[in-house]
Amino acid sequence: MCGIIGYIGKDNSVKHLIEGLRALEYRGYDSAGVAFFDKENALMRVKAEGRLANVEAKLANVPEAAGSHCGIGHTRWATHGAPSDTNSHPHGTAALQIVHNGIIENHVELKAELVALGYTFESDTDTEIAAKLLDYYYKQESNAPDAISRLTGRLRGSYALGILFEVEPNKIYAVRKDSPLIIGIGKGENFIASDITAILRSTRDYYQLEEGELATVTADSIEISCNGKQIVKERKTALWDVEAAERGGYAHFMLKEIHEEPEAMIKTLRPRIKDMLPDFSDEKLDTSALAKVERLHIVACGTAMHAGLIARGLFESLARIPVEVEIASEFRYNDPIIDESDLVIIISQSGETADSLAALRLAKEKGAHTLAIVNVTGSSIAREADSVLYTLAGPEIAVASTKAYTVQTSLLSLLAVECAMLRGRINESAARELVTELYERAPKAVAEMIDRADEVKAIAEEIKTCEDLFFIGRGADYYLSSEGSLKLKEISYIHSEAYAAGELKHGTISLVVPGIPVIALCTVPSLIEKMGSNIREVTARGANAIAVSFKDVPEANKTVIIPTIDPRLAFLPAVTVLQLLAYYTSVARGCDVDKPRNLAKSVTVE
Ligand code: AGP
């Protein structure tokens, strides 16, 4: 997600801004920029698409940067508008510059108001809208605190804002809602930052800015006020080293990203739900295709393909539309039978997977309508698909995909409800019931499962020395097994197989030997008796059967009971169990959790 840094003090501000943005690079970004006062107190701005080095290259031709003592900086993880120089932050006017982390949900209505007031816009961002609205209020109030208060009174959504006003070259203002922001405490210098990582090289001391608080920061003072009254804040001290700070204090990015899942689900779903029903009207999505297509193809690789398997179950059960899920590297060489009556959904976290991109191009050649479900804004797959639905999980750094899968399946669940409604397969009240469970219960169920990580860690201790392992399930649980198996293999290097539980007796059960762990997914109520028989088949041959279910499974040696949730969405807390199991097993085996051998985060080669 985006990163914010601000510096004011005796030192050169631009040096600190660049240093801070470099420390925030781990958050993932696609453009960056700085705004600063030069020694004549002129407010200047330098920004660029791509890596931070591109900003530094531009700064090399701006000698005024060397004399600056006050500035703000930003790394952008694009949500509104593709990565570009123009869309990069800071945004502003002659009177002010701002940097923003978060999503302004009511940006459309605010922009219309500003256009009517004569404002023009150069970027596609919600941030520029916030900047111009602040400019409007500043012209009316002619003081920063009141103008900022009026701005935050109008913004809906999430924001952390760093603000410079041209007439106040020795002050930085900061305010936030939902997106975090801290105020770093130095000696003769002070900071604002998205997180402590950005300023650890200068200070470990900071104030945590809370919602509704305004920070006014100078080189020698930090004033924090709420409703116009100055308040006393608790001074905090970070205990992390720089390396740990980049992971937000988590031991690994993978664990951090699992913990981010509940928030990522809410962020991804919130803009597509109104009155607890699916509402994709803010997206450039041709929902008529969902209403009339005769077949749905979901094409992806690895974990993204496993997300497609889950989606298949929901589209078929809710919308009664036939769904084919295909591995992209197979799809593209099978001369698939598709035409304009088909909808092809490409799922990709990175949006750059070569096989998935090739599959997209083939589907378009054959006349199918294409929809991309992508996490990286402006990525190749996002740009080339007919329409795109972004997951808003923020950057996923660990090679093993976790939160991406969780938000992909969450978004596809919502899309399946939309599709079912468009095709008259589900009425509003049934749709609202499932969407409410998806939006209000599912993130909590995932969070509850994360809180019980120690239970899963104990199972990791049980299986860490095994060299072979089975995941078995039926229906959605079979699809879930595929993801559990991939996660375990790719980061713990234990060989495992996902098997349709009913298939074991047709050959593979010959591999079941005493002590082999068998993870039995049992989240489908109508199939739990059958799963009980399958578990008995393996325990009769000495297997150590570990069930994952909504209730105790007596046939298993032990059961991880997932938090209560509509069985159609049980895959969400259940996959969290499998992600944590893979994580703790990998740690127990001393593997490189975030960068497993032989693997890359995005497979941009065939
Ligand atoms: C997931 O844990 C793997 N790292 C891998 O299977 C990944 O899901 C696959 O390469 C697809 O990547 P994408 O989502 O970026 O297209």
Side-chain angles (χ1 to χ4, degrees), residues 28 30 77 252-258 261 264 268 298-311 325-332 344-361 363 370-385 388-412 471 479-494 496 498 575-576 578-583 585-586 591-606:
D30 42 54
W77 172 266
H252 299 97
F253 278 110
M254 182 179 176
L255 187 60
K256 174 173 176 283
E257 286 150 16
I258 291 171
E261 288 177 349
T268 297
I298 300 177
V299 186
C301 301
T303 287
M305 187 272 286
H306 296 153
L309 292 172
I310 291 288
V325 180
E326 327 229 7
I327 296 170
S329 55
E330 289 296 305
F331 176 82
R332 56 185 299 209
V344 174
I345 297 179
I346 305 285
I347 306 172
S348 177
Q349 189 285 130
S350 63
E352 299 298 346
T353 300
D355 286 322
S356 304
L357 180 57
L360 167 65
R361 288 169 177 165
T370 57
L371 165 64
I373 307 283
V374 176
N375 198 41
V376 178
T377 306
S379 54
S380 305
I381 291 172
R383 283 199 307 272
E384 295 192 26
V388 57
L389 277 179
Y390 284 114
T391 51
L392 302 175
E396 188 176 70
I397 310 293
V399 165
S401 186
T402 51
K403 65 176 180 176
Y405 175 94
T406 301
V407 296
Q408 288 161 357
T409 49
S410 300
L411 183 55
L412 284 160
F471 288 83
Y479 306 149
L480 211 47
S481 298
S482 307
E483 177 54 15
S485 175
L486 173 63
K487 276 290 104 27
L488 187 71
K489 279 183 284 200
E490 65 176 328
I491 64 173
S492 75
Y493 314 146
I494 291 175
S496 75
V575 77
T576 305
L578 305 181
Q579 293 165 347
L580 289 168
L581 181 62
Y583 171 76
T585 305
S586 176
C591 299
D592 186 344
V593 176
D594 287 332
K595 298 187 188 67
R597 67 189 182 204
N598 311 336
L599 288 173
K601 180 57 187 169
S602 178
V603 185
T604 55
V605 294
E606 293 188 12

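Counting starts at 1 for both ligands and their atoms, following the listed order.
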Residue, atom name and distance, where the atom is the protein heavy atom closest to [atom]:
atom: atom 3 (C) of ligand 1; value: E490 OE1, 3.5 Å
atom: atom 10 (O) of ligand 1; value: V603 CG2, 4.0 Å
atom: atom 7 (C) of ligand 1; value: T303 N, 4.1 Å
atom: atom 14 (O) of ligand 1; value: Q349 N, 2.7 Å
atom: atom 11 (C) of ligand 1; value: C301 O, 3.5 Å
atom: atom 13 (P) of ligand 1; value: T353 OG1, 3.3 Å
atom: atom 4 (N) of ligand 1; value: V399 O, 2.8 Å

Intermediate values then yes/no, side chain to side chain contact (heavy atoms under 4.5 Å, CB included), V376 and W77: CA-CA 8 Å; V376 178; W77 172 266; 3.8 Å; yes
Any idea which atoms of ligand 1 are less than 4.0 Å away from a heavy-atom of [X]?
X: A304; value: 8 (O), 14 (O)
X: S350; value: 13 (P), 15 (O), 16 (O)
X: S401; value: 1 (C), 2 (O)
X: A400; value: 2 (O)

For ligand 1, the portion of M305 having any non-hydrogen atom under 4.0 Å away: neither
Residue part near ligand 1, for K487, under 4.0 Å between non-hydrogen atoms: side chain
Residue list, salt bridge (Lys or Arg N to Asp or Glu O under 4.0 Å) with E384, at least two apart or on another chain: R361
Are [X] and [Y] linked by a side-chain donor-acceptor pair shorter than 3.5 Å?
X: S348; Y: S356; answer: no
X: T402; Y: Q579; answer: no
X: H306; Y: Y479; answer: no

Tell me if a side-chain donor or acceptor on [X] pairs with a main-chain N or O of [Y] at a distance below 3.5 Å.
X: S492; Y: I494; value: yes
X: S350; Y: E352; value: yes
X: E326; Y: A300; value: no
X: S586; Y: I491; value: yes

